[in-house]
There are 2 protein chains.
Amino acid sequence: MATGRTHRPATRSRGIPEATVARLPLYLRALTALSERSVPTVSSEELAAAAGVNSAKLRKDFSYLGSYGTRGVGYDVEYLVYQISRELGLTQDWPVVIVGIGNLGAALANYGGFASRGFRVAALIDADPAMAGKPVAGIPVQHSDDLEKIIQDNGVSIGVIATPAGAAQAVCDRLVAAGVTSILNFAPTVLTVPDGVDVRKVDLSIELQILAFHEQRKAGEEAHTDGTGPAAAVTREGADDSAPSADKGPDGDVPAVMPA
Amino acid sequence: MATGRTHRPATRSRGIPEATVARLPLYLRALTALSERSVPTVSSEELAAAAGVNSAKLRKDFSYLGSYGTRGVGYDVEYLVYQISRELGLTQDWPVVIVGIGNLGAALANYGGFASRGFRVAALIDADPAMAGKPVAGIPVQHSDDLEKIIQDNGVSIGVIATPAGAAQAVCDRLVAAGVTSILNFAPTVLTVPDGVDVRKVDLSIELQILAFHEQRKAGEEAHTDGTGPAAAVTREGADDSAPSADKGPDGDVPAVMPA
DNA sequence: CCATCTTTGTGCACGCGTTCACAAAGACAT
DNA sequence: ATGTCTTTGTGAACGCGTGCACAAAGATGG
């Protein structure tokens with residue numbers, strides 16, 4: 001999905017496949033939930049179900065990290081939480097800046113999933129002088145004139161772009177020049193960056209269009225097999241054994257959320 | 001990416017690969033921009049650059065739709081816009097409901113990229129009685145008690161879930177039971193749905209974690225080749241010929257934006 | 001009408017990711 | 001200590017997606 005998933009062609013980072021890296025956060029979330037329930041160990045089968053993936057895939061994913069399981073028993077939840085967190089680099093603090101404090105930027109600033117994963121919103125930046133000083137999510141918005149200074153003072157290496165599409169590339173260039181090497185882009189634009197800078201994009205419009213494609217296809221099939229109207233077709237069975245249709249991942253991919 | 005890319009295993013819908021479908025919206029956006037500038041034709045090379053992909057890949061993608069190009073000339077922009085729009089099902093009206101009108105839900109309601117792509121926000125739904133009647137983006141919020149009626153009255157087949165994680169599965173079940181067959185999920189949870197229902201997920205937290213992984217790797221490499229501190233490492237060269245690092249596709253994978 | 005030049009459309013090979021299926025490893029009971 | 005049972009870790013096969021490289025198609029000029 002998500003997003004966008006910007007695939008990187010052949011960058012097997014230290015032997016860990018990109019597809020596996022994209023699933024590690026999924027496992028981590030499931031493991032954290034188990035940890036909170038004080039579950040000591042979990043089998044690959046159980047954990048796979050909780051994460052919505054195939055158990056064989058999960059075992060292979062973990063095999064890239066090392067042998068952290070015990071045959072006949074399963075995986076130690078706490079230990080695995082630690083190992084995955086470490087592998088993802090979540091044991092350290094990641095200061096993040098959000099540029100573009102509109103509806104979406106404000107929503108991101110209020111997002112509670114940051115702090116719990118080691119991400120800290122170091123600053124909110126907007127080009128509108130009227131926004132300057134106004135607190136959003138308890139953090140005062142700063143003017144984009146100070147972007148470079150903010151990045152450097154806080155040692156920020158991850159930037160989030162939530163500006164309108166027209167401003168995104170310029171903001172991106174400034175972020176990169178100031179030292180940012182990872183960018184999460186919510187603006188519906190293709191960003192051009194130097195080598196060594198990672199970009200992931202999230203584009204809501206794209207996600208909806210992909211859904212529309214499949215929706216259209218479903219409506220078309222149904223039209224010549226079933227006679228009922230489109231809104232009356234409710235499929236309701238087998239909600240138990242069927243694997244969740246989650247994923248989108250690898251590339252994944254990948255949606256945008258900004259005013260066009 | 002982005003996430004959210006939920007891959008579907010082997011569902012080559014009418015011969016068009018899933019990876020191609022995920023890129024069609026990208027091409028469409030680039031083509032729309034060209035159309036607004038009244039550019040009559042475009043070569044695969046130019047369009048590929050604008051969309052941030054390989055030209056061979058673009059040509060192969062288009063070949064699945066049919067032969068819409070003219071050798072020696074390129075593609076007719078207007079015609080291609082129409083063909084891709086039709087293929088994605090964007091020539092028809094798609095009523096959409098957004099459930100969960102918090103920060104994110106409001107941001108989505110205000111998102112301008114909906115209407116321009118054939119998506120119409122038919123209703124905003126929230127479980128908080130205090131929200132009922134309050135207009136967001138010019139649309140009055142309705143209480144979730146009326147969810148089923150809203151879905152049916154408006155013939156909605158696409159639902160967007162922007163609720164907290166704890167409420168997502170229950171909302172999903174109700175949407176599906178009421179007739180929704182495509183769901184875009186922003187809650188950080190694995191949704192279980194019956195066969196025939198498509199789910200795509202967008203998870204901001206996951207996207208950031210993937211960035212952190214690569215960021216950590218970059219910092220590690222740099223540490224034993226270059227001696228400078230992490231915040232001082234600015235890569236600044238070759239910003240011209242290098243291909244944009246956009247993608248994440250399929251999968252991409254796929255990020256979430258909700259309070260944990 | 002012919003030659004040349006541009007650009008598409010695609011056959012082919014390669015590599016990554018997924019899945020199956022099973023041997024190895026350890027827990028547990030007797 | 002031995003046997004049985006559970007679950008991991010992985011070798012191997014398969015399929016999808018990507019990119020190369022080129023032949024075919026058409027435009028354009030003489």
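Chain letters run A, B, ... following the sequence lines, proteins first, then strands; residues in each count from 1. We use all heavy atoms of the structure for the numbers below, so side chains are in, but hydrogens, waters and symmetry mates are not. Please read these numbers as outputs of a predicted model, since none were measured by experiment.
- Comparing dG17(D), dT18(D), dG17(C) by their nearest atom to the side chain of Pro17(A) picks out dG17(C).
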For nucleotides 7-13 of chain C, give me every protein contact, N/O to N/O, under 3.5 Å, one pair per line with atom names.
from    : atom 1 : to       : atom 2 : distance (Å)
dT7(C)  : O4'    : Gly72(B) : N      : 3.0
dT8(C)  : OP1    : Ser44(B) : N      : 2.5
dT8(C)  : OP2    : Ser44(B) : OG     : 2.6
dT8(C)  : O2     : Arg71(B) : NH1    : 2.9
dG9(C)  : OP1    : Gly69(B) : N      : 3.1
dG9(C)  : OP2    : Tyr75(B) : OH     : 2.7
dG9(C)  : O4'    : Arg71(B) : NH2    : 2.9
dG9(C)  : N7     : Arg59(B) : NE     : 2.9
dG9(C)  : O6     : Arg59(B) : NH2    : 3.3
dG11(C) : O6     : Lys60(B) : NZ     : 3.2
dC12(C) : N4     : Lys60(B) : NZ     : 3.3

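- The side chain to side chain contact (heavy atoms under 4.5 Å, CB included) check on Ala167(B) picks up Thr163(B), with sequence neighbours excluded.
- What separates CZ of Arg23(B) from C1' of dG17(D) is a distance of 8 Å, to the nearest Å.
- In terms of the ring-ring contact (aromatic ring centres under 6.0 Å, His included) criterion, residue partners of Phe62(B) (sequence neighbours excluded) are, by chain and number, Tyr27(B), Tyr75(B).
- Contacts between residues 34-41 of chain B and DNA chain D, defined by a heavy-atom separation under 4.0 Å, are absent.
- Contact annotation: the side chain of Glu18(A) approaches that of His214(B) to within less than 4.5 Å [non-hydrogen atoms, C-beta and beyond].
- Remark: Tyr68(A) engages Tyr79(A) in a ring-ring contact (aromatic ring centres under 6.0 Å, His included) (not counting sequence neighbours).
- Between Glu46(B) atom CD and dT6(C) atom P there is a gap of 14 Å when expressed in whole angstrom units.
- The CG atom of Leu58(B) sits 13 Å away from the C1' atom of dG19(D) (whole-angstrom rounding).
- Using a 4.5 Å heavy-atom cutoff, the side chains of Leu65(B) and Thr20(B) are not in contact.
- Considering only heavy atoms from C-beta on, Asp76(A) stays 4.5 Å or farther from Leu80(A) through its side chain.
- Taking atom NZ on Lys57(B) and atom P on dC16(D), their separation rounds to 17 Å, with Å as the unit.
- Evaluation of the side chain to side chain contact (heavy atoms under 4.5 Å, CB included) rule for Ser85(B) yields Leu28(B), Val81(B), Leu90(B), Thr91(B) as partners, not counting sequence neighbours.
- Checking side-chain atoms of Trp94(B) against main-chain N and O of Ser157(B) turns up no donor-acceptor pair under 3.5 Å.
- Atom CD of Glu18(A) and atom P of dG17(C) are 8 Å apart (whole Å).
- Distance Leu47(A) CG to dG9(D) P: 12 Å, rounded to the nearest Å.
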